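One structure below.
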Amino acid sequence: ARTAAALVVLGLLAGGCVPAAGGGVRGTPGAAGLKDPYYPRLGNGGYDVSRYALDLAYDPDGGHLDGTARITARATQDLSALNLDLSGLTVAGATVDGEPAAVNRAGHELTLRPRDELREGAEFTVTVDYAGVPEPVTDPDGSTEGWLRTPDGAVAVGQPAGSMSWFPGNHHPSDKASYEIALTAPSRLTALSNGVRVSSGPVSGGRTRTVWRQTEPMASYLATVMIGRYETGTATALGDVPVITAAEPSLASATAALRAEIPRILARQQDRFGPYPFSAAGAVVTRDGLLGYALETQTRPVFPASSFDRTTLVHELAHQWYGNSVTPESWRDIWLNEGFATYAEWLYAEEHGSVPARESFASAFADDDNWTFPPADPPAAENLFDPPVYRRGAMVLHKVRETVGDRVFGELLRGWAAKYRHANASTEDFTAYAESVAGRDLDAVWKVWLYGDGRPERP
Ligand code: ARG
Ligand code: ZN
(Lines give C-alpha, C1' and ligand atoms only; values in the text may rest on other atoms or scores of the structure.)
(Ligands and ions follow the chains in the order given, each with its own letter.)
Protein backbone atom coordinates (compact mmCIF):
# COMPACT_ATOMS: atom_id res chain seq x y z
CA ALA A 1 0.00 0.00 0.00
CA ARG A 2 2.86 2.32 0.86
CA THR A 3 4.26 1.76 -2.59
CA ALA A 4 0.99 2.47 -4.35
CA ALA A 5 0.59 5.71 -2.37
CA ALA A 6 4.15 6.75 -3.18
CA LEU A 7 3.51 6.14 -6.88
CA VAL A 8 0.35 8.24 -6.80
CA VAL A 9 2.18 11.10 -5.06
CA LEU A 10 5.05 10.89 -7.52
CA GLY A 11 2.56 10.91 -10.39
CA LEU A 12 0.74 13.99 -9.05
CA LEU A 13 3.95 15.92 -8.36
CA ALA A 14 5.28 15.19 -11.81
CA GLY A 15 1.92 16.07 -13.35
CA GLY A 16 0.11 13.59 -15.56
CA CYS A 17 -1.40 14.67 -18.89
CA VAL A 18 -1.08 18.44 -18.55
CA PRO A 19 -1.32 20.40 -21.81
CA ALA A 20 2.18 21.20 -23.02
CA ALA A 21 3.41 24.67 -23.91
CA GLY A 22 3.51 23.91 -27.62
CA GLY A 23 -0.02 22.46 -27.62
CA GLY A 24 -0.59 18.70 -27.61
CA VAL A 25 -0.57 16.62 -24.47
CA ARG A 26 2.45 16.14 -22.32
CA GLY A 27 3.77 12.65 -21.60
CA THR A 28 3.68 11.26 -18.11
CA PRO A 29 6.50 9.99 -15.89
CA GLY A 30 7.34 6.32 -16.21
CA ALA A 31 6.40 4.28 -13.13
CA ALA A 32 9.00 3.98 -10.38
CA GLY A 33 8.56 0.22 -10.08
CA LEU A 34 7.22 -2.77 -12.01
CA LYS A 35 5.07 -4.04 -9.12
CA ASP A 36 7.03 -7.24 -8.70
CA PRO A 37 5.19 -9.25 -6.02
CA TYR A 38 8.35 -9.35 -3.86
CA TYR A 39 10.29 -6.26 -4.98
CA PRO A 40 7.63 -3.77 -6.13
CA ARG A 41 10.09 -0.92 -6.63
CA LEU A 42 12.60 -2.88 -8.74
CA GLY A 43 12.58 -1.93 -12.39
CA ASN A 44 10.76 1.02 -13.88
CA GLY A 45 7.90 1.61 -16.28
CA GLY A 46 7.65 3.37 -19.61
CA TYR A 47 10.67 2.07 -21.44
CA ASP A 48 12.48 -1.08 -22.50
CA VAL A 49 16.29 -1.27 -22.49
CA SER A 50 18.06 -2.95 -25.41
CA ARG A 51 21.67 -2.26 -24.47
CA TYR A 52 23.89 -1.22 -21.59
CA ALA A 53 27.41 0.04 -22.16
CA LEU A 54 29.15 0.45 -18.83
CA ASP A 55 32.55 2.07 -18.52
CA LEU A 56 33.87 1.38 -15.03
CA ALA A 57 37.19 2.43 -13.53
CA TYR A 58 38.04 0.91 -10.17
CA ASP A 59 40.66 1.83 -7.62
CA PRO A 60 41.09 -1.18 -5.31
CA ASP A 61 43.05 0.80 -2.70
CA GLY A 62 40.30 3.28 -1.93
CA GLY A 63 37.43 1.13 -3.19
CA HIS A 64 36.40 3.98 -5.46
CA LEU A 65 34.35 3.31 -8.58
CA ASP A 66 34.02 5.79 -11.40
CA GLY A 67 31.34 4.91 -13.92
CA THR A 68 29.57 5.97 -17.04
CA ALA A 69 26.47 4.07 -18.04
CA ARG A 70 25.21 4.49 -21.58
CA ILE A 71 21.76 2.95 -21.90
CA THR A 72 19.86 2.47 -25.15
CA ALA A 73 16.11 2.04 -24.71
CA ARG A 74 12.76 2.44 -26.41
CA ALA A 75 9.89 4.41 -24.86
CA THR A 76 6.75 2.33 -24.34
CA GLN A 77 4.67 5.44 -23.54
CA ASP A 78 5.01 9.19 -23.99
CA LEU A 79 7.50 10.02 -21.25
CA SER A 80 8.03 13.29 -19.42
CA ALA A 81 10.48 11.61 -17.02
CA LEU A 82 11.89 8.18 -16.40
CA ASN A 83 13.44 6.33 -13.51
CA LEU A 84 16.48 4.12 -13.14
CA ASP A 85 17.38 2.10 -10.06
CA LEU A 86 20.64 3.11 -8.40
CA SER A 87 21.61 2.77 -4.76
CA GLY A 88 24.40 4.78 -3.15
CA LEU A 89 27.06 6.51 -5.31
CA THR A 90 26.88 10.11 -6.50
CA VAL A 91 25.47 11.13 -9.86
CA ALA A 92 27.53 13.88 -11.47
CA GLY A 93 25.22 14.36 -14.43
CA ALA A 94 22.99 12.69 -16.97
CA THR A 95 21.91 13.22 -20.55
CA VAL A 96 19.02 12.00 -22.65
CA ASP A 97 19.75 11.94 -26.37
CA GLY A 98 22.82 14.07 -25.74
CA GLU A 99 20.97 16.87 -23.91
CA PRO A 100 21.50 17.44 -20.20
CA ALA A 101 18.63 15.98 -18.14
CA ALA A 102 17.43 17.11 -14.71
CA VAL A 103 18.41 14.56 -12.07
CA ASN A 104 16.55 13.75 -8.89
CA ARG A 105 17.27 11.03 -6.35
CA ALA A 106 15.02 9.47 -3.73
CA GLY A 107 16.09 6.21 -2.11
CA HIS A 108 17.17 3.92 -4.91
CA GLU A 109 15.07 5.74 -7.52
CA LEU A 110 17.04 7.97 -9.87
CA THR A 111 14.67 10.19 -11.87
CA LEU A 112 15.77 11.81 -15.13
CA ARG A 113 13.69 14.54 -16.73
CA PRO A 114 14.74 15.09 -20.33
CA ARG A 115 14.57 18.55 -21.88
CA ASP A 116 12.25 17.21 -24.56
CA GLU A 117 9.74 14.56 -23.71
CA LEU A 118 10.11 11.16 -25.34
CA ARG A 119 7.44 9.87 -27.69
CA GLU A 120 6.09 6.36 -27.36
CA GLY A 121 8.07 4.08 -29.66
CA ALA A 122 11.12 6.36 -29.87
CA GLU A 123 14.55 4.88 -29.30
CA PHE A 124 16.67 7.02 -26.99
CA THR A 125 20.02 7.01 -25.25
CA VAL A 126 20.66 7.90 -21.64
CA THR A 127 24.07 8.54 -20.16
CA VAL A 128 24.69 8.70 -16.43
CA ASP A 129 28.03 9.73 -14.95
CA TYR A 130 28.47 8.51 -11.41
CA ALA A 131 31.13 7.74 -8.83
CA GLY A 132 31.73 6.74 -5.23
CA VAL A 133 32.46 3.78 -3.00
CA PRO A 134 29.75 1.22 -3.75
CA GLU A 135 27.83 -0.21 -0.79
CA PRO A 136 26.79 -3.88 -0.79
CA VAL A 137 23.07 -4.67 -0.65
CA THR A 138 21.68 -6.88 2.13
CA ASP A 139 18.73 -9.03 1.11
CA PRO A 140 15.67 -9.69 3.24
CA ASP A 141 17.14 -13.20 3.79
CA GLY A 142 20.34 -11.69 5.21
CA SER A 143 22.63 -12.56 2.31
CA THR A 144 24.80 -9.92 0.69
CA GLU A 145 25.29 -8.96 -2.92
CA GLY A 146 26.19 -6.00 -5.09
CA TRP A 147 29.73 -4.66 -5.37
CA LEU A 148 31.74 -6.64 -2.83
CA ARG A 149 35.26 -5.52 -2.01
CA THR A 150 38.05 -8.06 -1.74
CA PRO A 151 41.57 -7.52 -0.37
CA ASP A 152 42.88 -6.89 -3.90
CA GLY A 153 39.82 -5.91 -5.91
CA ALA A 154 36.09 -6.58 -6.07
CA VAL A 155 33.44 -9.07 -7.10
CA ALA A 156 30.07 -7.74 -8.27
CA VAL A 157 26.93 -9.90 -8.35
CA GLY A 158 23.27 -8.99 -8.35
CA GLN A 159 20.65 -11.60 -7.55
CA PRO A 160 18.09 -10.38 -6.82
CA ALA A 161 18.64 -6.68 -6.11
CA GLY A 162 22.39 -6.02 -5.97
CA SER A 163 23.10 -4.66 -9.44
CA MET A 164 21.75 -1.24 -8.51
CA SER A 165 24.73 -0.85 -6.18
CA TRP A 166 27.13 -0.61 -9.13
CA PHE A 167 25.21 0.64 -12.16
CA PRO A 168 21.96 2.51 -12.86
CA GLY A 169 19.47 0.40 -14.76
CA ASN A 170 16.07 -1.13 -15.14
CA HIS A 171 16.83 -3.71 -12.48
CA HIS A 172 13.99 -6.17 -12.92
CA PRO A 173 14.47 -9.58 -14.59
CA SER A 174 11.71 -8.84 -17.13
CA ASP A 175 13.83 -6.25 -18.99
CA LYS A 176 16.74 -8.11 -20.59
CA ALA A 177 19.36 -6.41 -22.73
CA SER A 178 22.80 -6.86 -24.24
CA TYR A 179 25.82 -5.56 -22.35
CA GLU A 180 29.25 -4.19 -22.98
CA ILE A 181 31.24 -3.79 -19.78
CA ALA A 182 34.59 -1.97 -19.89
CA LEU A 183 36.78 -2.32 -16.81
CA THR A 184 39.75 -0.10 -16.06
CA ALA A 185 41.91 -1.36 -13.22
CA PRO A 186 45.58 -1.58 -12.21
CA SER A 187 47.44 -3.57 -14.87
CA ARG A 188 48.70 -6.16 -12.35
CA LEU A 189 45.10 -7.33 -11.82
CA THR A 190 42.75 -9.43 -13.95
CA ALA A 191 39.37 -7.93 -14.86
CA LEU A 192 36.59 -10.31 -15.87
CA SER A 193 32.95 -9.92 -16.75
CA ASN A 194 30.23 -11.64 -18.78
CA GLY A 195 30.61 -12.96 -22.30
CA VAL A 196 33.68 -12.60 -24.46
CA ARG A 197 36.65 -10.30 -24.11
CA VAL A 198 36.74 -7.97 -27.10
CA SER A 199 39.77 -5.85 -26.26
CA SER A 200 42.33 -5.13 -23.60
CA GLY A 201 45.04 -2.49 -23.58
CA PRO A 202 47.01 -0.09 -21.41
CA VAL A 203 45.63 3.31 -20.45
CA SER A 204 47.11 6.06 -18.24
CA GLY A 205 48.23 5.53 -14.66
CA GLY A 206 49.58 1.98 -15.00
CA ARG A 207 46.11 0.73 -15.71
CA THR A 208 44.53 -1.57 -18.28
CA ARG A 209 41.11 -1.21 -19.86
CA THR A 210 39.43 -4.51 -20.71
CA VAL A 211 36.17 -4.69 -22.61
CA TRP A 212 33.72 -7.59 -22.25
CA ARG A 213 30.71 -8.14 -24.45
CA GLN A 214 27.55 -10.11 -23.69
CA THR A 215 25.63 -10.08 -26.95
CA GLU A 216 22.69 -12.30 -26.06
CA PRO A 217 20.03 -10.81 -23.77
CA MET A 218 20.87 -10.76 -20.08
CA ALA A 219 18.84 -9.87 -17.00
CA SER A 220 20.66 -7.26 -14.95
CA TYR A 221 20.89 -9.54 -11.89
CA LEU A 222 23.21 -11.78 -13.93
CA ALA A 223 25.76 -9.08 -14.74
CA THR A 224 29.08 -9.61 -13.00
CA VAL A 225 32.54 -8.16 -12.52
CA MET A 226 35.62 -9.75 -10.97
CA ILE A 227 38.70 -7.61 -10.49
CA GLY A 228 41.68 -9.04 -8.65
CA ARG A 229 44.54 -11.47 -8.81
CA TYR A 230 43.36 -14.51 -10.70
CA GLU A 231 44.90 -17.34 -12.61
CA THR A 232 42.87 -17.86 -15.74
CA GLY A 233 42.32 -20.89 -17.91
CA THR A 234 40.92 -21.15 -21.42
CA ALA A 235 39.35 -24.02 -23.28
CA THR A 236 36.74 -24.61 -25.96
CA ALA A 237 33.37 -26.30 -25.54
CA LEU A 238 30.70 -27.45 -27.98
CA GLY A 239 32.96 -26.92 -30.97
CA ASP A 240 33.38 -23.17 -30.78
CA VAL A 241 32.33 -21.77 -27.41
CA PRO A 242 35.23 -20.18 -25.52
CA VAL A 243 35.41 -21.32 -21.90
CA ILE A 244 37.13 -18.78 -19.67
CA THR A 245 37.75 -19.82 -16.10
CA ALA A 246 39.55 -18.12 -13.26
CA ALA A 247 40.54 -18.85 -9.70
CA GLU A 248 42.32 -16.88 -7.05
CA PRO A 249 45.98 -17.96 -7.21
CA SER A 250 45.88 -19.98 -3.98
CA LEU A 251 42.92 -21.96 -5.39
CA ALA A 252 44.14 -22.35 -8.95
CA SER A 253 45.75 -25.77 -8.84
CA ALA A 254 43.14 -27.34 -6.59
CA THR A 255 40.32 -26.21 -8.89
CA ALA A 256 41.98 -26.83 -12.26
CA ALA A 257 40.68 -30.38 -12.76
CA LEU A 258 37.06 -29.47 -12.09
CA ARG A 259 37.31 -26.32 -14.21
CA ALA A 260 38.57 -28.54 -17.02
CA GLU A 261 35.36 -30.60 -16.83
CA ILE A 262 33.16 -27.72 -17.96
CA PRO A 263 33.25 -28.64 -21.68
CA ARG A 264 32.22 -32.22 -20.91
CA ILE A 265 29.37 -31.17 -18.58
CA LEU A 266 28.11 -28.61 -21.11
CA ALA A 267 28.18 -31.20 -23.88
CA ARG A 268 26.00 -33.56 -21.84
CA GLN A 269 23.66 -30.76 -20.80
CA GLN A 270 23.37 -29.64 -24.41
CA ASP A 271 22.24 -33.18 -25.32
CA ARG A 272 19.55 -33.01 -22.68
CA PHE A 273 18.53 -29.32 -22.68
CA GLY A 274 19.10 -28.33 -26.32
CA PRO A 275 21.53 -25.84 -27.88
CA TYR A 276 23.70 -23.94 -25.38
CA PRO A 277 22.19 -20.43 -25.36
CA PHE A 278 25.33 -18.26 -25.16
CA SER A 279 28.54 -17.65 -27.08
CA ALA A 280 30.82 -18.02 -24.06
CA ALA A 281 31.08 -20.08 -20.90
CA GLY A 282 33.28 -20.39 -17.83
CA ALA A 283 33.49 -20.28 -14.04
CA VAL A 284 35.25 -18.15 -11.43
CA VAL A 285 36.34 -19.44 -8.03
CA THR A 286 36.81 -16.92 -5.22
CA ARG A 287 38.06 -17.25 -1.68
CA ASP A 288 35.54 -18.24 0.97
CA GLY A 289 34.08 -15.53 3.12
CA LEU A 290 33.08 -13.17 0.32
CA LEU A 291 29.90 -14.75 -1.05
CA GLY A 292 27.61 -17.00 0.95
CA TYR A 293 26.46 -18.84 -2.18
CA ALA A 294 27.44 -19.74 -5.72
CA LEU A 295 25.70 -17.72 -8.42
CA GLU A 296 24.88 -18.43 -12.08
CA THR A 297 26.14 -15.06 -13.39
CA GLN A 298 25.68 -15.25 -17.16
CA THR A 299 28.35 -17.30 -18.97
CA ARG A 300 30.64 -16.93 -15.96
CA PRO A 301 29.14 -18.37 -12.76
CA VAL A 302 30.97 -17.55 -9.55
CA PHE A 303 31.71 -19.94 -6.70
CA PRO A 304 33.10 -19.55 -3.21
CA ALA A 305 35.94 -22.11 -2.94
CA SER A 306 34.04 -24.38 -0.56
CA SER A 307 31.07 -24.72 -2.92
CA PHE A 308 33.11 -25.38 -6.04
CA ASP A 309 32.11 -29.02 -6.28
CA ARG A 310 30.75 -31.04 -9.19
CA THR A 311 27.12 -30.85 -8.05
CA THR A 312 27.14 -27.07 -7.68
CA LEU A 313 28.97 -26.69 -10.99
CA VAL A 314 26.29 -28.78 -12.70
CA HIS A 315 23.64 -26.62 -10.99
CA GLU A 316 25.09 -23.27 -12.06
CA LEU A 317 25.76 -24.47 -15.62
CA ALA A 318 22.16 -25.73 -15.90
CA HIS A 319 21.03 -22.21 -14.96
CA GLN A 320 22.51 -20.96 -18.23
CA TRP A 321 19.49 -22.60 -19.90
CA TYR A 322 17.02 -22.33 -17.01
CA GLY A 323 17.18 -18.88 -15.47
CA ASN A 324 19.62 -17.07 -17.74
CA SER A 325 18.19 -17.88 -21.17
CA VAL A 326 14.65 -18.64 -19.93
CA THR A 327 14.35 -15.92 -17.30
CA PRO A 328 11.60 -15.50 -14.70
CA GLU A 329 8.91 -12.97 -15.56
CA SER A 330 8.91 -11.90 -11.91
CA TRP A 331 10.64 -13.04 -8.73
CA ARG A 332 7.59 -15.15 -7.96
CA ASP A 333 8.70 -17.49 -10.76
CA ILE A 334 12.10 -18.19 -9.17
CA TRP A 335 11.27 -21.90 -8.75
CA LEU A 336 11.56 -22.17 -12.56
CA ASN A 337 15.27 -21.36 -12.07
CA GLU A 338 16.03 -23.29 -8.94
CA GLY A 339 13.71 -26.25 -9.51
CA PHE A 340 15.21 -26.94 -12.96
CA ALA A 341 18.81 -26.43 -11.78
CA THR A 342 18.17 -28.80 -8.87
CA TYR A 343 16.60 -31.31 -11.22
CA ALA A 344 19.72 -31.06 -13.38
CA GLU A 345 21.66 -32.20 -10.28
CA TRP A 346 19.29 -35.16 -9.91
CA LEU A 347 19.75 -36.08 -13.57
CA TYR A 348 23.51 -35.89 -13.15
CA ALA A 349 23.40 -38.09 -10.04
CA GLU A 350 21.20 -40.56 -11.89
CA GLU A 351 23.68 -40.81 -14.74
CA HIS A 352 27.01 -40.55 -12.93
CA GLY A 353 26.32 -41.42 -9.31
CA SER A 354 23.82 -44.21 -9.85
CA VAL A 355 21.28 -42.44 -7.67
CA PRO A 356 17.96 -42.69 -9.52
CA ALA A 357 16.00 -39.43 -9.54
CA ARG A 358 13.23 -41.20 -7.65
CA GLU A 359 15.67 -41.58 -4.73
CA SER A 360 16.58 -37.89 -4.83
CA PHE A 361 12.85 -37.24 -4.90
CA ALA A 362 12.26 -39.56 -1.93
CA SER A 363 14.87 -37.87 0.22
CA ALA A 364 13.53 -34.42 -0.68
CA PHE A 365 10.04 -35.66 0.13
CA ALA A 366 11.16 -36.87 3.55
CA ASP A 367 12.80 -33.56 4.50
CA ASP A 368 10.48 -31.27 6.49
CA ASP A 369 12.39 -28.20 5.30
CA ASN A 370 10.92 -28.65 1.83
CA TRP A 371 7.31 -28.35 2.95
CA THR A 372 7.10 -24.90 4.49
CA PHE A 373 5.38 -23.37 1.43
CA PRO A 374 4.45 -24.24 -2.16
CA PRO A 375 7.18 -23.45 -4.72
CA ALA A 376 4.83 -21.32 -6.84
CA ASP A 377 4.13 -18.97 -3.96
CA PRO A 378 6.97 -18.07 -1.58
CA PRO A 379 5.47 -16.19 1.39
CA ALA A 380 7.92 -13.25 1.30
CA ALA A 381 11.08 -11.90 -0.30
CA GLU A 382 13.15 -13.52 2.44
CA ASN A 383 11.96 -16.95 1.26
CA LEU A 384 12.85 -16.71 -2.44
CA PHE A 385 15.89 -18.98 -2.01
CA ASP A 386 14.48 -21.34 0.64
CA PRO A 387 14.49 -25.14 0.25
CA PRO A 388 10.95 -25.49 -1.19
CA VAL A 389 11.96 -23.33 -4.18
CA TYR A 390 14.84 -25.68 -4.95
CA ARG A 391 13.88 -29.18 -3.94
CA ARG A 392 10.11 -28.97 -4.05
CA GLY A 393 10.56 -27.22 -7.38
CA ALA A 394 12.53 -30.26 -8.53
CA MET A 395 9.82 -32.53 -7.10
CA VAL A 396 7.28 -30.80 -9.37
CA LEU A 397 9.42 -31.68 -12.38
CA HIS A 398 9.83 -35.25 -11.19
CA LYS A 399 6.06 -35.65 -10.86
CA VAL A 400 5.68 -34.34 -14.40
CA ARG A 401 8.29 -36.85 -15.55
CA GLU A 402 6.50 -39.72 -13.79
CA THR A 403 3.22 -38.65 -15.35
CA VAL A 404 4.36 -38.18 -18.96
CA GLY A 405 7.24 -40.66 -19.11
CA ASP A 406 10.93 -40.19 -19.83
CA ARG A 407 10.64 -39.57 -23.56
CA VAL A 408 8.06 -36.77 -23.34
CA PHE A 409 9.85 -35.33 -20.31
CA GLY A 410 13.07 -35.14 -22.35
CA GLU A 411 11.11 -33.28 -25.05
CA LEU A 412 9.77 -30.93 -22.40
CA LEU A 413 13.24 -30.08 -21.05
CA ARG A 414 14.43 -29.16 -24.54
CA GLY A 415 11.19 -27.61 -25.73
CA TRP A 416 10.82 -25.31 -22.72
CA ALA A 417 14.35 -24.02 -23.20
CA ALA A 418 13.69 -23.57 -26.94
CA LYS A 419 10.28 -21.90 -26.70
CA TYR A 420 11.42 -19.22 -24.22
CA ARG A 421 15.05 -19.00 -25.34
CA HIS A 422 16.46 -15.54 -24.50
CA ALA A 423 13.05 -14.52 -23.17
CA ASN A 424 11.00 -14.44 -19.98
CA ALA A 425 8.47 -16.94 -18.71
CA SER A 426 6.09 -17.35 -15.78
CA THR A 427 4.78 -20.31 -13.82
CA GLU A 428 1.56 -20.17 -15.86
CA ASP A 429 3.60 -20.24 -19.08
CA PHE A 430 5.25 -23.38 -17.77
CA THR A 431 2.09 -25.22 -16.78
CA ALA A 432 0.47 -24.35 -20.13
CA TYR A 433 3.58 -25.47 -22.02
CA ALA A 434 3.91 -28.74 -20.07
CA GLU A 435 0.25 -29.56 -20.75
CA SER A 436 0.70 -28.85 -24.44
CA VAL A 437 3.64 -31.26 -24.61
CA ALA A 438 1.84 -33.84 -22.47
CA GLY A 439 -1.30 -33.54 -24.61
CA ARG A 440 -3.50 -33.42 -21.52
CA ASP A 441 -4.12 -31.45 -18.39
CA LEU A 442 -1.77 -31.97 -15.47
CA ASP A 443 -3.98 -30.36 -12.83
CA ALA A 444 -3.40 -33.17 -10.38
CA VAL A 445 0.36 -32.46 -10.43
CA TRP A 446 0.03 -28.68 -10.14
CA LYS A 447 -2.62 -28.75 -7.43
CA VAL A 448 -0.62 -30.89 -5.03
CA TRP A 449 3.04 -30.30 -5.91
CA LEU A 450 3.23 -26.78 -7.28
CA TYR A 451 0.47 -24.92 -5.45
CA GLY A 452 -0.54 -27.18 -2.54
CA ASP A 453 0.14 -26.39 1.09
CA GLY A 454 1.95 -29.04 3.08
CA ARG A 455 3.14 -32.55 2.35
CA PRO A 456 0.66 -34.90 0.70
CA GLU A 457 -0.14 -38.26 2.29
CA ARG A 458 1.82 -40.36 -0.15
CA PRO A 459 4.33 -39.41 -2.86
N1 ARG B 1 20.81 -18.53 -7.47
C2 ARG B 1 21.81 -19.00 -6.54
C3 ARG B 1 21.89 -20.50 -6.75
O4 ARG B 1 22.02 -20.95 -7.81
C5 ARG B 1 21.52 -18.64 -5.12
C6 ARG B 1 21.43 -17.18 -4.83
C7 ARG B 1 21.15 -16.91 -3.39
N8 ARG B 1 20.88 -15.53 -3.20
C9 ARG B 1 20.29 -15.01 -2.15
N10 ARG B 1 20.05 -13.74 -2.14
N11 ARG B 1 19.94 -15.77 -1.15
O12 ARG B 1 21.73 -21.31 -5.92
ZN1 ZN C 1 20.44 -22.04 -8.38
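In listed order, ligands and their atoms are each counted from 1. Excluded from the calculations below are hydrogen atoms, water molecules and symmetry mates; all remaining heavy atoms, backbone and side chain alike, are included. Here the structure is a predicted model, which means the values were calculated and not measured. Throughout, numbering of the chain's residues begins at 1 and tracks the sequence.
Within Glu338, the N, O or S atom at minimum distance from the Zn ion (ligand 2) carries the name OE1.
No heavy atom of Ala341 sits closer than 4.0 Å to any atom of ligand 1.
At a threshold of 4.0 Å, the pair Glu216-Lys176 does not count as salt-bridged, since none of the basic side-chain nitrogens sits closer than that to a carboxylate oxygen. Checked for salt-bridge contact, Glu248 and Arg229 miss the test: no charged N lies under 4.0 Å from a carboxylate O. Electrostatic pairing of Arg41 and Glu109 counts as a salt bridge here, judged by a charged N lying under 4.0 Å from a carboxylate O. Electrostatic pairing of Arg401 and Glu350 counts as a salt bridge here, judged by a charged N lying under 4.0 Å from a carboxylate O.
Protein heavy atom at the shortest distance from atom 10 (N) of ligand 1 is Asp139 OD2, 2.6 Å. The nearest heavy-atom contact from the protein to atom 1 (N) of ligand 1 is Gln159 OE1, 2.7 Å. Scanning the protein for heavy atoms near atom 12 (O) of ligand 1, the closest one is Tyr390 OH, 2.8 Å. Among all non-hydrogen protein atoms, the one lying nearest atom 11 (N) of ligand 1 is Asp141 OD2, 2.7 Å.
The shortest N or O to N or O distance between Ser143 and ligand 1 is below 3.5 Å.
For ligand 1, the atoms lying closer than 4.0 Å to a non-hydrogen atom of His319 are 4 (O). Set against the non-hydrogen atoms of Glu296, the atoms of ligand 1 under 4.0 Å away are 1 (N), 2 (C), 3 (C), 4 (O). Residue contact check: His315 has heavy atoms under 4.0 Å from atoms 3 (C), 4 (O), 12 (O) of ligand 1. Listed by number with element, the atoms of ligand 1 under 4.0 angstrom from any heavy atom of Glu316 are 3 (C), 4 (O), 12 (O).
Relative to atom 2 (C) of ligand 1, the option among Gly292, Ala161, Ala294 with the closest non-hydrogen atom is Ala294.
Residue contacts with ligand 1 for Glu338 involve side-chain atoms from C-beta outward but no N, CA, C or O (heavy atoms, distance under 4.0 Å).
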Can you list, pair by pair, the side-chain donor-acceptor contacts under 3.5 Å of residues 62-74, counting residues two or more places apart and other chains?
residue	atom	partner	partner atom	Å
Thr68	OG1	Asp129	OD1	2.7
Arg74	NH1	Gly121	O	2.7

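Classification of the Trp449-Phe365 ring pair by plane angle, with boundaries at 30° and 60°, yields tilted.
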* To do: Check step by step if side-chain contact (heavy atoms from CB on, under 4.5 Å) holds for Val355 and Ser360.
  => CA-CA 7 Å; Val355 182; Ser360 298; 4.0 Å; yes

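With the Zn ion (ligand 2) as the vertex, NE2 of His315 and NE2 of His319 span 100° to the nearest 10°.
Within 6.0 Å of atom CD in Glu359, more than 12 heavy atoms from other residues, nucleotides or ligands are found, so the atom counts as buried in its surroundings.
Exactly one of Tyr343, Phe278, Tyr276, Trp416 qualifies for a ring pair (Phe, Tyr, Trp, His ring centres under 6.0 Å) with Trp321. That residue is Tyr276.
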